[in-house]
> 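The structure follows.
These numbers come from a predicted model, not from an experiment. Chain A is the first sequence line, chain B the second, and so forth, proteins listed ahead of strands; every chain is numbered from 1. We use all heavy atoms of the structure for the numbers below, so side chains are in, but hydrogens, waters and symmetry mates are not.
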There are 2 protein chains.
Amino acid sequence: MPRSTTSQQQQPERPKASERPYHHGDLRRAILRAALDAIADDGPSALSLRDLARRAGVSHAAPAHHFKDRTGLLTAIAAEGHALLAAALAEAGDLRDAGVRYVRFAREHPAHFQVMFRPELLREGDLELTTARALSREQLRTAVTTARPETLDADPRLAGIAAWSLSHGFATLLLSDNLDAVVGDQDPEEVFRTATELLFPSAPPSPSP
Amino acid sequence: MPRSTTSQQQQPERPKASERPYHHGDLRRAILRAALDAIADDGPSALSLRDLARRAGVSHAAPAHHFKDRTGLLTAIAAEGHALLAAALAEAGDLRDAGVRYVRFAREHPAHFQVMFRPELLREGDLELTTARALSREQLRTAVTTARPETLDADPRLAGIAAWSLSHGFATLLLSDNLDAVVGDQDPEEVFRTATELLFPSAPPSPSP
DNA sequence: CGTCGAATCTAGTCATTGACAAGTTTGTGG
DNA sequence: CCACAAACTTGTCAATGACTAGATTCGACG
């Protein structure tokens with residue numbers, strides 16, 4: 001984007017090549033971190049490889065060595081995201097808890113979430129992505145097929161679609177600031193939990209003394 | 001994007017300025033149409049003003065006169081989208097029908113839908129956008145506050161969040177090809193309708209003979 | 001019928017970007 | 001110690017969005 005009139009933080013001086021270790025040491029992770037920050041702030045479309053390179057203090061072509069190209073970087077992020085999501089869902093108690101965890105994941109990893117479900121940004125053939133996505137999909141399935149309210153027993157497949165749509169819609173609208181007016185300063189996860197209790201009955205209260 | 005290796009349809013020869021009417025006649029709409037096509041195919045981030053200009057057979061700076069800049073074009077699309085959505089929702093019977101119409105809107109106007117709920121792509125101050133969005137929001141509200149199943153009577157605000165999340169999530173996942181495996185070749189709207197019937201009871205069947 | 005201003009479009013330019021090519025430095029295993 | 005691979009660098013190119021200035025056409029008013 002030319003002539004960026006937006007907030008333009010001063011770039012720190014990059015020391016001359018001779019005064020700086022030729023090898024960054026952990027460039028891949030540095031780039032990833034910077035990318036996640038940038039995406040969380042301004043969305044994936046605002047991501048600039050050259051800007052990431054500047055922030056990491058390396059040359060403009062350095063990122064390419066680790067991620068091949070823009071699509072490669074986004075694909076790596078998506079894969080990481082699916083792995084993180086799968087891990088979060090794996091610990092879910094019942095279906096509603098899985099939904100809450102889905103929303104929490106979106107809030108805690110907004111950059112990952114904004115990239116994971118958009119094929120047009122990703123290298124669809126990528127092996128890492130494919131396997132990670134299979135993992136998170138598998139966790140979604142188990143969340144539905146294990147502890148779910150009786151109402152949903154009729155058709156597990158449809159129940160899965162409904163649950164996923166509900167969680168994904170809430171998370172998406174939340175991250176895109178479309179629920180600001182409605183949620184206000186309440187805890188989004190609590191709002192979500194309460195909203196789902198309207199749709200399907202709560203599990204029987206845990207049998208504590 | 002440089003060196004586009006993707007499908008590159010041959011651009012028709014643009015006649016020299018002398019052999020072509022100086023005024024296009026309906027450039028604004030031509031650009032809009034082309035933009036909607038491009039976004040529907042490859043998402044908003046792939047949109048190129050210069051490419052739109054080429055398709056319309058005008059100079060590369062012509063679009064700017066009608067839309068100011070990229071953000072302006074996307075904002076115009078979003079505003080149009082909200083108006084269309086409001087119109088579609090206005091004719092809804094009950095809440096479920098509103099949801100189905102929401103999904104249908106997303107399918108029939110994928111480009112609009114992909115832009116409407118993403119503030120980072122839009123000029124937030126824009127008057128047209130603000131009023132159109134207020135309209136569609138208003139229709140969402142009425143859909144919830146009028147004919148809704150008794151289950152949702154308890155808290156209309158939460159019911160609204162739940163219904164919107166469900167519809168928006170389904171539409172989003174559908175457009176991003178994330179439901180392909182689950183929906184298969186069935187009619188998406190029918191799948192959605194059935195899925196919602198799992199979550200809240202159907203209205204009593206119409207009293208026909 | 002003319003003319004004058006506004007609307008519409010063209011042409012040219014600049015900074016920035018992603019991708020690619022070729023060279024340089026550093027680490028590593030034989 | 002030396003060949004070779006990995007990690008980075010510099011340089012370049014086509015494409016893009018935004019901006020400026022100028023050309024053409026339309027339309028309203030006299």
> From C-beta outward on Ala62(A), which listed nucleotide comes closest to its side chain: dC8(D), dT13(C), dT16(D)?
dC8(D)
> From NE2 of His60(B) over to P of dT13(C), roughly how many Å is that when rounded to an integer?
10 Å
> Select one nucleotide: of dT12(D), dT10(C), dC19(D), the one nearest the side-chain heavy atoms of Ser59(B).
dT10(C)
> Looking at Arg54(B), does any N or O in its side chain come under 4.0 Å of the phosphate oxygens OP1/OP2 on dT16(D)?
yes
> Counting only side-chain heavy atoms from C-beta out, which of dT10(C), dT16(D), dT17(C) sits nearest to Val58(B)?
dT10(C)
> Quick one: pull up CZ in Arg157(B) and CG in Leu198(A) and give me the separation to the nearest 0.5 Å.
10.5 Å
> Which residues in residues 65-75 of chain B have a heavy atom closer than 4.0 Å to any atom of DNA chain D?
Lys68(B), Asp69(B), Arg70(B)
> Just to be sure I understand the rule, does Leu47(A) reach a base, reach only the sugar-phosphate, or reach nothing, if contact means heavy atoms closer than 4.0 Å?
sugar-phosphate
> Are side-chain N/O atoms of Thr71(B) and Arg123(B) paired as donor and acceptor at under 3.5 Å?
no
> CD1 of Ile31(A) versus P of dA7(D): gap in Å, rounded?
13 Å
> Sequence neighbours excluded and cut-off under 3.5 Å, please list the side-chain donor-acceptor pairs for residues 111-122 of chain B, or say none.
unit_1, atom_1, unit_2, atom_2, d
His112(B), NE2, Glu80(B), OE1, 2.7
Arg118(B), NH1, Gln114(B), O, 3.4

> Identify whether the distance between the nearest side-chain nitrogen and carboxylate oxygen of Glu138(B) and Arg133(B) falls below 4.0 Å.
no
> Does Asp97(A) come within less than 4.0 Å of Arg101(A), counting only side-chain N to carboxylate O?
yes
> Would you say a side-chain N or O of Ser48(A) is under 4.0 Å from OP1 or OP2 of dG18(C)?
yes
